[in-house]
Amino acid sequence: MARKAAATPALAPSGEASLSMLAGVGPAVAAKLAARGLLTLQDLWLHLPLRYEDRTALTRIQDLRNGVPAQVEGRVVAVERGMRFRPMLKVAVEDEGQGTLVLRFFHFRQQQVAQFAKGTRLRCFGTPKAGQFGLEIVHPSYQILGQHEEAALGDSLDPVYPAVEGIGPATLRKLIGQTLDRLPDEATLELLPAGWLDGLALPSLRSALLTVHRPPPDADLSALAAGRHPAQRRLAIEELLAHHLSLRRQRMALQAHHAPSLRGNGALVEQLRSSLPFALTGAQQRVFEQIRKDLAKAHPMLRLVQGDVGSGKTVVAALAAMLAVERGKQVALAAPTELLAEQHLNNLRGWLEPLGVRTAWLAGKVTGKARAKVLADVASGEAQVVVGTHALMQEAVVFADLALAIVDEQHRFGVHQRLALRDKGADGRSVPHQLVMTATPIPRTLAMSEYADLDVSAIDELPPGRTPVQTVALNNDRRPELIERIALACQEGRQVYWVCTLIEESEELDATPAQATFESLQALLPGVRVGLVHGRMKAAEKLATMVAFKAGQIDLLVATTVIEVGVDVPNASLMIIENAERLGLAQLHQLRGRVGRGSAVSRCVLLYQAPLSQMARERLETMRQTNDGFLIAEKDLELRGPGELLGTRQTGLAAFRMADLARDADMLPGVHALAERLLAEQPVVADRVVQRWIGSAVRFASA
Ligand code: ADP
Ligand code: MG
């Protein structure tokens with residue numbers, strides 16, 4: 001058999017050999033493969049199966065189970081051609097166990113219809129689904145058997161590969177088979193240092209590739225389906241290594257650039273520090289010192305500051321800004337929403353203007369003459385600290401001398417936006433320092449993997465005097481009790497948030513649910529001053545309401561999740577979140593962070609609509625049990641997986657072929673250690689690992 005005719009290792013071509021050496025790969029096929037990034041033998045070795053189909057056994061029709069893929073053999077007993085809304089072909093098949101199964105086709109050719117004469121023997125494979133008359137398979141793959149033919153069963157699981165446009169699955173499988181026949185011997189293929197895998201009970205790369213592409217009949221199917229087979233883990237570990245190495249190298253590339261060294265006498269920093277109405281926490285001091293050290297260097301800083309909601313990131317950013325201003329340079333601070341940006345502006349103005357530092361404000365709504373003035377001030381250097389939204393990243397914005405770009409709540413921006421801001425300060429000779437702040441805690445292992453191109457600091461301590469928020473989950477039918485609780489809190493001079501959850505993002509534009517809640521709460525709570533903010537209101541209206549709430553002129557604020565990030569009203573001590581079961585953990589945690597900012601005991605009520613899904617139940621339970629953002633993030637990772645946690649689409653996270661950051665998290669510490677070792681001792685090997693898995697394709701935005 002072709003499969004056994006593996007080339008002798010001595011003659012095996014290198015993994016970098018072009019695919020055009022394969023039979024069946026002419027210019028046209030090569031072009032289609034290339035369009036998918038498949039250029040070399042190695043690229044096809046690493047075109048890994050998405051899943052497997054088991055054709056090694058036959059299942060009796062009566063034993064078929066809904067949703068479980070299976071192979072059956074039987075005779076055609078009836079054929080029906082229908083034409084209701086679209087052409088359809090139904091073929092009923094019966095096997096020796098007298099079970100019948102319907103095969104249903106929506107796309108078929110005339111000659112196919114002729115094939116299915118009554119009595120024809122068929123072998124077919126597919127996933128049965130419950131249909132009108134029992135189980136049926138839509139578009140099975142099938143094979144016509146001779147009347148007495150004994151067709152051999154497959155002797156291994158059939159891999160199903162990610163599709164390549166213009167190349168059928170069977171052809172693709174054959175091509176991959178050809179490349180596997182040319183796999184070099186173990187020692188040639190292996191890039192991981194000898195001995196490193198020993199303690200891990202993982203196979204060599206060669207054996208792992210052969211197993212995942214051609215799993216033997218006795219392979220552990222459930223492990224393969226779960227991606228936990230040792231062969232899969234062997235591939236995942238190398239892929240994680242490649243990914244990590246590539247990020248580390250991007251970081252080194254950034255380090256090769258120049259940046260303005262912001263080493264000053266620290267006079268402004270000291271002035272700001274001593275004018276604050278509070279002392280910095282130990283964590284704030286530590287993180288600021290890290291930033292100060294970074295900024296003193298002549299290479300660009302790229303630091304992510306993580307700090308739970310309320311941990312006091314803004315003031316740390318303000319202190320960092322002073323280091324730039326002291327040297328006569330400019331600072332940009334971007335926040336993802338106007339509400340948040342405006343709050344930063346107010347904070348910074350309050351702190352900085354007494355020190356004589358000139359701030360400027362740029363958001364979408366700043367237009368006309370006002371905009372022209374801001375742009376001129378930014379361009380002349382008159383504006384020293386420029387606060388704004390995405391508007392800061394637009395082309396028209398030109399800085400005189402931007403030395404530090406600060407981005408708050410980074411996960412709300414894309415990588416590209418962060419880079420756009422950075423590039424505003426790049427003048428060919430130097431690039432500005434970057435400080436990224438996030439309240440979405442990222443589990444340590446993940447942070448090391450996904451942000452290997454960043455330095456990460458954590459403000460892991462809350463300012464003193466905060467009391468943990470007490471959280472309860474309450475069935476929606478107990479709403480009336482809540483009304484009393486709200487009345488009581490307001491009587492005591494406390495303020496309350498009522499958060500309305502939208503079913504879909506697009507409803508952010510639909511004010512009705514929040515409006516209705518607002519009206520009914522007003523009716524139920526006559527002595528209470530109720531306010532409303534939602535996404536559809538004009539920014540100025542929103543802001544006016546927030547300002548009134550902050551000033552204590554509103555007792556109860558009905559809000560959509562627009563208040564999720566950054567709003568700071570320490571006197572608010574009760575929050576009710578409606579339909580809490582619809583929100584993810586990160587969002588719930590962010591929302592809850594709006595209370596518990598003062599010294600009063602705060603409460604958060606998670607109102608839910610029964611019945612709860614298992615996932616929703618676990619989320620609410622987690623919220624009840626802990627206030628620790630890092631624990632919550634770990635749980636979130638477990639429940640949702642990392643893509644969603646980090647916002648895959650936005651951050652430009654890599655798509656892995658095999659690895660899964662949540663599933664394979666246990667391997668990360670070892671991978672990180674190995675990466676450091678390779679970079680130090682065997683940079684050429686490190687290059688080859690990256691080349692093998694990531695290739696020259698730019699799969700990440702350069703940091
Ligand atoms: P976040 O990290 O969520 O952005 P903020 O920077 O908005 O937090 O800070 C939350 C609140 O805590 C603000 O009112 C801020 O002035 C206050 N704050 C910051 N640092 C301290 C501190 N060391 N002691 C007391 N209050 C502080
Ligand atoms: Mg903040």
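What's counted below: heavy atoms across the whole structure, side chains too, no hydrogens, waters or symmetry copies. First listed ligand is number 1; within each ligand, the first listed atom is number 1. This chain uses plain numbering: 1 for the first residue, then up along the sequence.
Remark: side-chain polar atoms of R619 are paired, donor with acceptor, to backbone N or O of L583 under 3.5 angstrom. Within the 3.5 Å criterion, the main-chain N or O of Q306 finds no donor-acceptor partner in the side chain of T438. The closest donor-acceptor contact from the side chain of N579 to the backbone of R582 lies at 3.5 Å or more, if one exists at all. Within the 3.5 Å criterion, the main-chain N or O of V569 finds no donor-acceptor partner in the side chain of R597.
Compare G312, P464, P570, P277 by their heavy atoms: the one nearest to atom 9 (O) of ligand 1 is in G312.
Near L280, with a cut-off below 4.0 Å to any heavy atom, the atoms of ligand 1 are 23 (N). Less than 4.0 angstrom separates some heavy atom of A279 from each of these atoms of ligand 1: 22 (C), 23 (N), 24 (N). The distance from ligand 1 to the heavy atoms of R597 drops below 4.0 Å at these ligand atoms: 3 (O), 10 (C). Shown in contact with T281 at under 4.0 Å from a heavy atom are these atoms of ligand 1, numbered in order with element: 23 (N). Every atom of ligand 1 with a heavy atom of T314 under 4.0 Å away is listed here by number and element: 4 (O), 5 (P), 6 (O), 7 (O).
A salt bridge links R479 with E578: at least one charged nitrogen is closer than 4.0 Å to a carboxylate oxygen.
Side-chain atoms of H344 and D408 include a donor-acceptor pair closer than 3.5 Å.
By the 4.0 Å heavy-atom criterion, G307 is excluded from the residues contacting ligand 1.
Polar contact with ligand 1: absent for F278 (N/O pair, distance under 3.5 Å).
Remark: Q553 CD is packed, more than 12 non-hydrogen atoms of other residues, nucleotides or ligands lying under 6.0 Å away.
Heavy atoms of M437 found under 4.0 angstrom from ligand 1: none, in either backbone or side chain.
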